[in-house]
**Student:** 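My structure is below; once you've seen it, I'll send some questions.
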Amino acid sequence: MCVHVQKAAGLMSKGSRVADIAVSSGGMGQAGLATSRASVVRRFRRGDSLFRVVTLSAALSVLIILCGVLISLVFGAWPALRQFGLGFFIHTTWNPARDDFGALAAIYGTLVTSVLAMLLAVPVSFGIAVFLTELCPWWMRRPIGIAIELLAGIPSIIYGIWGLFVFLPFVQSVLQPWLIDFFAPIPVLNILFAGPPYGIGVLSAAFILAIMVVPFITAVTRDVFETVPSVLKEAAYGIGATRFEVVRRVVIPYTRTGLVGGVMLGLGRALGETMAVTFVIGNAHTISSSLLAPGTTISAVIANEFSEATDPMYVSSLIALGLILFLITFIVLAISRLLLMRIENAEAK
Amino acid sequence: MNRTLRARRQILSLVIMGLSMAATLFGLGFLALILGTLLFKGLAGLKLSVFTQMTPPPGAKGGLLNAIAGSLVMTTGGVFLGTPIGMLAGIYMAEYGRGTRLTMIVRFINDILLSAPSIIIGLFVYEIYVAEVGHFSGIAGIIALAIMVVPVVVRTTEDMLLLVPGTLKEAAAAMGLPRSIFIRRIGMKAARAGLITGVLLAVARVSGETAPLLFTALSNQFWNWNINEPIANLPMVIFQFALSPYKDWQQLAWTGALLITCAVLALSITARILGAQGTRK
């Protein structure tokens, strides 16, 4: 406490106006002192309420941005939604020449790539988080954790160019032929993995998305794993549980809410990811039964076509796609935040 | 019987732990693979001309000077526009509105904005600015980037100010300091390392962003200091050049990708080091 008073006083006296005022008022008479003190207090009060209003409006601007985004999207999407009605959501036709637009192919592509990406990314992320919290020697935890987080910082365009020039050739020449051969004799699954190996396609996009969301899910998972009280784990080890049993029976049940939150956060990211997907998905407005076929996602459509769209109905349809994407990601991210907030609140208590 | 059960449990545990180790190697492997390819492909084209010449027409040789300059201008602009708003909002949440319902709502919305698809921000700025003005411009790009900066800065500012010891505030109050002066002169100073970390993270975040620039700043093949016109920028140039059939363009795209990645990684690592120092104090 005492140290802080000194520190505060020290910071104040460093050329602070406050200190100047205090010094200058020192030499005056009793009456002058009282009035100048009153005026200083008034100035303080005014400055204080002004600053409060300024910060409050900045805080409100965050809400205004979100509302602005929503309103402008609804406004821009209105002509298309009125023209096509519910049909917009259930038609796959996307024909700018005839002004006929349906969003189903893009919505389908967005959901399928994201869900596939989660199927690939979640086990890997959980694995990394288990390694970081249970197995890893102390001195390696920070460096490895940071390395994984750096993956999250790499811009998506980098994943895109890497996917296009490095990953796609590998997929086309190795992975896809192998998948096609492997699943050919298996009924049902051979439909999913049918067709010529183009390289580009839904599965490639899902792979790239998976690599991109692993760091996000890992970071959350690791953080929630670390909230497990060590007494709980020690008790489990004490009665002879193996590492896997501790993770499965103690750590995961204890952190279930947070895990779901982390997965939803990753899903939110995957749904809206644009550049990397645009490079590798093939941009075809079709729904194919094969995961190896080209497809498209909402964000890829917007990224590819928006700057060439001149017709008002075309623009409006693209904005309507944006609105759909915004609503889907908003819901997913909101659920994620609500779940994670529950964990944070519990921890605070 | 008992022994085999125990052995089976042990083996299962070892297998799963082995898999989790493999997952980690997989993750680190991808980081190494991506960085390795970037270095390999990018360094091949890293010549002085990259920094001294403009982006070339198809099939010709050239550099990335205008794109690098444009990226610097727009990132700087976006950060200078977005940081004050973010910091002030963070200050409100941590000081005046600590624990209030409004703060809870703003934090919730802010966290959603933090992960919201960046292409939506591009659409938003297109509608409120580009469509009104009637042309693409650097200003639109700056606004889009600023909107991306705000949530990052809000988050770190609030977190960092909440870490400032309450006794410091009590001491200041006891000496008759008004709250606004305490925040500006003492709270912000105590949290300085963390605040700088937040700004660096925001810079790292927006410097590689492409999607919000697609239909705001667009791009420009020529040198341009006028932010009221389309400005060239590295991410857009990478996007265009990588998808082109010309070898020279693709090479420049790789070199640009290497430059962006180095900048982003350097910023994030610096931010981390600063952040670690800030929390140790």
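Order of the sequence lines fixes the chain letters, A, B, ..., with proteins taken first and strands second; residue numbering starts at 1 for each chain.
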**Student:** Please classify the contact between Ser61(A) and chain B as side chain, backbone, both or neither, with a heavy-atom cut-off of under 4.5 Å.
**Tutor:** side chain

**Student:** Among Phe167(A), Phe279(A), Phe165(A), which residue forms the greatest number of heavy-atom pairs with chain B at distances under 4.5 Å?
**Tutor:** Phe165(A)

**Student:** Is Thr274(A) close to chain B through its backbone or its side chain, or both, or neither, when contacts mean heavy atoms under 4.5 Å?
**Tutor:** side chain

**Student:** Counting only heavy atoms closer than 4.5 Å, note whether Arg45(A) contacts chain B via side chain, backbone, both or neither.
**Tutor:** neither

**Student:** Side chain, backbone, both or neither: which part of Leu102(B) has a heavy atom under 4.5 Å from chain A?
**Tutor:** side chain

**Student:** Counting only heavy atoms closer than 4.5 Å, note whether Tyr159(A) contacts chain B via side chain, backbone, both or neither.
**Tutor:** side chain

**Student:** With only heavy atoms counted, which part of Leu150(A) is less than 4.5 Å from chain B, the side chain, the backbone, both or neither?
**Tutor:** both

**Student:** Report which part of Val154(B) has an atom under 4.5 Å of a heavy atom belonging to chain A: side chain, backbone, both, or neither.
**Tutor:** side chain

**Student:** Taking side chain as everything from C-beta outward and backbone as N, CA, C, O, which of these in Arg107(B) sits under 4.5 Å from a heavy atom of chain A? Side chain, backbone, both or neither.
**Tutor:** neither

**Student:** Using heavy-atom distances under 4.5 Å, tell me whether Leu38(B) contacts chain A through its side chain, its backbone, both, or neither.
**Tutor:** side chain

**Student:** Measure Ser125(A) against the heavy atoms of chain B and call it side chain, backbone, both or neither at under 4.5 Å.
**Tutor:** neither

**Student:** Let me know if Leu31(B) has heavy atoms under 4.5 Å from chain A in its side chain, its backbone, both or neither.
**Tutor:** both

**Student:** With only heavy atoms counted, which part of Leu73(A) is less than 4.5 Å from chain B, the side chain, the backbone, both or neither?
**Tutor:** both

**Student:** Sort out for me which of Ile154(A), Ile319(A), Leu323(A) touches chain B most, counting heavy-atom pairs under 4.5 Å.
**Tutor:** Ile319(A)

**Student:** Would you mind checking which part of Ile85(B) comes under 4.5 Å of any heavy atom in chain A, side chain (CB onward), backbone (N, CA, C, O), both or neither?
**Tutor:** both

**Student:** Answer with side chain, backbone, both or neither: which region of Tyr126(B) has an atom nearer than 4.5 Å to a non-hydrogen atom of chain A?
**Tutor:** side chain

**Student:** Can you tell me which portion of Ser115(B) sits under 4.5 Å from chain A's heavy atoms? Options are side chain, backbone, both or neither.
**Tutor:** both

**Student:** Could you tell me which portion of Glu127(B) (side chain, backbone, both or neither) has an atom closer than 4.5 angstrom to a non-hydrogen atom of chain A?
**Tutor:** side chain

**Student:** Heavy-atom distances under 4.5 Å only: say whether Leu135(A) touches chain B with side chain, backbone, both or neither.
**Tutor:** side chain

**Student:** Would you mind checking which part of Val106(B) comes under 4.5 Å of any heavy atom in chain A, side chain (CB onward), backbone (N, CA, C, O), both or neither?
**Tutor:** both

**Student:** Less than 4.5 Å to any heavy atom of chain B: does that hold for the side chain of Leu265(A), its backbone, both, or neither?
**Tutor:** side chain

**Student:** Answer with side chain, backbone, both or neither: which region of Val69(A) has an atom nearer than 4.5 Å to a non-hydrogen atom of chain B?
**Tutor:** both

**Student:** Go through the atoms of Phe215(B) and report whether side chain, backbone, both or neither lie under 4.5 Å from a heavy atom of chain A.
**Tutor:** side chain

**Student:** Answer with side chain, backbone, both or neither: which region of Leu56(A) has an atom nearer than 4.5 Å to a non-hydrogen atom of chain B?
**Tutor:** both

**Student:** Where on Val247(A) is there a heavy atom nearer than 4.5 Å to chain B: the side chain, the backbone, both, or neither?
**Tutor:** side chain

**Student:** Identify which part of Ile112(B) has an atom lying under 4.5 Å from any heavy atom of chain A, answering side chain, backbone, both or neither.
**Tutor:** both

**Student:** Please classify the contact between Glu245(A) and chain B as side chain, backbone, both or neither, with a heavy-atom cut-off of under 4.5 Å.
**Tutor:** side chain

**Student:** What part of Leu201(B) is in contact with chain A, defined as an atom under 4.5 angstrom from a non-hydrogen atom: side chain, backbone, both or neither?
**Tutor:** neither

**Student:** Which atoms of Ile34(B) come close to chain A, meaning under 4.5 Å heavy atom to heavy atom: side chain ones, backbone ones, both, or neither?
**Tutor:** both

**Student:** Which of parallel (below 30°), tilted (30 to 60°) and perpendicular (above 60°) describes Phe326(A) and Phe330(A)?
**Tutor:** tilted

**Student:** Side chain from CB out, backbone as N, CA, C, O: work out which of these in Leu50(A) comes under 4.5 Å of a heavy atom of chain B, or both, or neither.
**Tutor:** neither

